[in-house]
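From a predicted model like this one, the values you see are computed outputs, not experimental measurements.
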Amino acid sequence: MRLGHGLWLVSVALVLPVPACSGGYPLPPTPCDEWCDATKGGICQDYYQPASCVAECERSGVDLEGCRPELDAVISCFRQSPNALEQRCLYDNTLEGVPGDCKTESDWLGVCASAQSTMR
């Protein structure tokens with residue numbers, strides 16, 4: 001009788017719906033999540049680590065409200081320029097002095113974040 005009872009429990013467990021993982025991230029993206037996703041942290045994609053990027057973004061202050069227009073401009077530029085990531089990697093490593101797409105927007109964000117960090 002015990003064996004039958006245990007078998008019954010296993011059968012019921014197989015039929016009952018089990019809560020599944022959502023498969024997605026449950027929270028909306030933060031400004032740093034968006035920046036890191038769009039720019040890959042401003043580094044060559046081979047070295048990109050999303051968690052480290054978000055932590056560094058938050059530490060640097062580029063996500064502060066005072067820099068939101070500049071941050072939005074960078075995110076928008078990188079999303080609209082399919083070559084910006086590759087150019088950024090080439091610019092940082094080989095084409096010194098030759099600006100790539102989104103360099104101006106990135107520079108303005110850096111200026112803003114620097115000014116915000118001195119005010120903290």
- Query: Going from OG on S106 to CG on D101, what distance comes out if it is rounded to the nearest 0.5 angstrom?
  - Reply: 10.5 Å
- Taken to the nearest 0.5 Å, the spacing of L71 CG from W35 CH2 works out to 8.5 Å
- Check whether I75 and V62 end up in the same hydrophobic cluster, where Ile, Leu, Val, Met, Phe, Trp and Tyr are linked by side-chain heavy atoms less than 4.5 Å apart. yes
Would you say the side-chain atoms of [X] pair up with the backbone N or O of [Y], donor to acceptor, closer than 3.5 Å?
| X | Y | result |
| --- | --- | --- |
| D37 | E34 | no |
| Y48 | T39 | no |
| S76 | D72 | no |

- Message: Would C57 and C36 count as a disulfide pair, i.e. SG atoms separated by less than 2.5 Å?
- Response: no
- Taking side chain as C-beta onward, heavy atoms only, is C67 less than 4.5 Å from L109? yes
- Apply the test disulfide (SG to SG under 2.5 Å) to residues C53 and C32: give CA-CA distance (whole Å), side-chain angles for both, the deciding distance (0.1 Å), then the verdict. CA-CA 8 Å; C53 179; C32 281; over 6 Å; no
- Closest non-hydrogen atom pair between A38 and F78, with its separation: O-CB, 3.6 Å
- Note on the structure: Heavy-atom nearest pair, C102 first then S81, reads SG-CB, 4.2 Å
- Would you say the side chains of S52 and E56 form a donor-acceptor pair under 3.5 Å? no
- Query: Considering residues at least two apart in sequence or located in another chain, which fulfil the side-chain hydrogen bond (donor to acceptor under 3.5 Å, both in side chains) criterion with T104?
  - Reply: none
- Message: Run the side-chain hydrogen bond (donor to acceptor under 3.5 Å, both in side chains) test against D63 and tell me which residues pass, sequence neighbours left out.
- Response: none
